[in-house]
Amino acid sequence: MINNTKSGINIPHKYHQIESEIELYVTELDDAEELFSIIDNNRKYLRKWLPWLDEVKSVEDEKSFILHSHERLLRGDGVSYSIKFNNSIIGIIELNWIDRQNRRCGVGYWISEEFMGRGIITKCCKKLISHCFNDLGLNSFILEVAKENTLSRAVAERIGMRLEGIKKDREWLYDHFVDGAHYSITKNEWKTIDS
């Protein structure tokens, strides 16, 4: 674990082994070109649920995102991981925010369409939940996802997250609002599932 001596708080680990072929690494500037290529090749597929695609039009835009994620990591209030499958990046999983005072965090993710349906995101989420609860001292892990995004909702349900409610018009998605499904799991609930 990394300790940010300035703030005295533990910040997320830079690396996680999920399985022999699946790893999470803190996203680095060197990843920008590969990530942009994946985003560009999956733009139509990703656009269905991700609102930020119009902001990523070049490798430079991706580098800006990575630099911003490094700032969050240094503050201890978020982290972006590249998901690697056999050493090739296939997506991103993030702790979008960490609320230290209330010991909560929010997760977000995306993966290349060709790697959907293999359980990779589910495995990555499980690893991050354990890391957040066991290493970072957090108590609540949250996923907010579009109500109609059945694939992401299935991830939350597979790992035992509770549906806490539906938020009307939660997010603006290019030309319309989408309702959001709010999922959560606490440390005590995770202990029961993970044991």
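This one's a predicted model, so the numbers in the text were calculated from it and none came from an experiment.
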Non-hydrogen side-chain atoms of [X] and [Y] separated by less than 4.5 Å:
X	Y	value
R153	L163	yes
S80	I66	no
K127	Q17	no

Mutual orientation of the aromatic rings belonging to H13 and H131 [parallel < 30°, tilted 30-60°, perpendicular > 60°]: tilted
Without placing hydrogens or testing angles, list every side-chain donor-acceptor pair under 3.5 Å for residues 48-55, not counting sequence neighbours.
residue, atom, partner, partner atom, Å
D54, OD1, R47, NH1, 2.7

Heavy atoms only: give me the nearest P12-Y81 pair and the separation to one decimal. CB-OH, 3.5 Å
Check L35 against G91 and note the closest heavy-atom contact, atom names and distance. CD2-O, 4.4 Å
Could you tell me whether R104 and D99 make a salt bridge, using a distance below 4.0 angstrom between a side-chain N and a carboxylate O? yes
Could you check whether D77 pairs with R72 (Lys NZ or Arg NE/NH1/NH2 to Asp/Glu carboxylate O, under 4.0 Å)? no
Treat each ILVMFWY residue as a node, draw an edge where side-chain heavy atoms are under 4.5 Å apart, and state whether V145 and L151 are in one component. yes
With a 4.5 Å cut-off on side-chain heavy-atom distances among I, L, V, M, F, W and Y, is there a chain of contacts connecting I121 to Y45? yes
E189 side chain to M161 backbone, donor-acceptor under 3.5 Å: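 It does not hold such a pair.
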Would you find a donor on one side and an acceptor on the other, under 3.5 Å apart, between the side chain of W190 and the backbone of T192? no
Can you list everything that forms a side chain to side chain contact (heavy atoms under 4.5 Å, CB included) with N41? Sequence neighbours excluded, please. S37
Identify, with sequence neighbours excluded, every residue that meets side chain to side chain contact (heavy atoms under 4.5 Å, CB included) alongside S112. I38, N42, E114, F115
Full working for side-chain hydrogen bond (donor to acceptor under 3.5 Å, both in side chains) between T27 and S69: CA-CA 8 Å; T27 306; S69 71; 5.6 Å; no
Verify the distance criterion only: is there a donor paired with an acceptor across the side chains of E23 and Y15 at less than 3.5 Å?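 On atom types as modelled, these side chains qualify, holding a pair under 3.5 Å.
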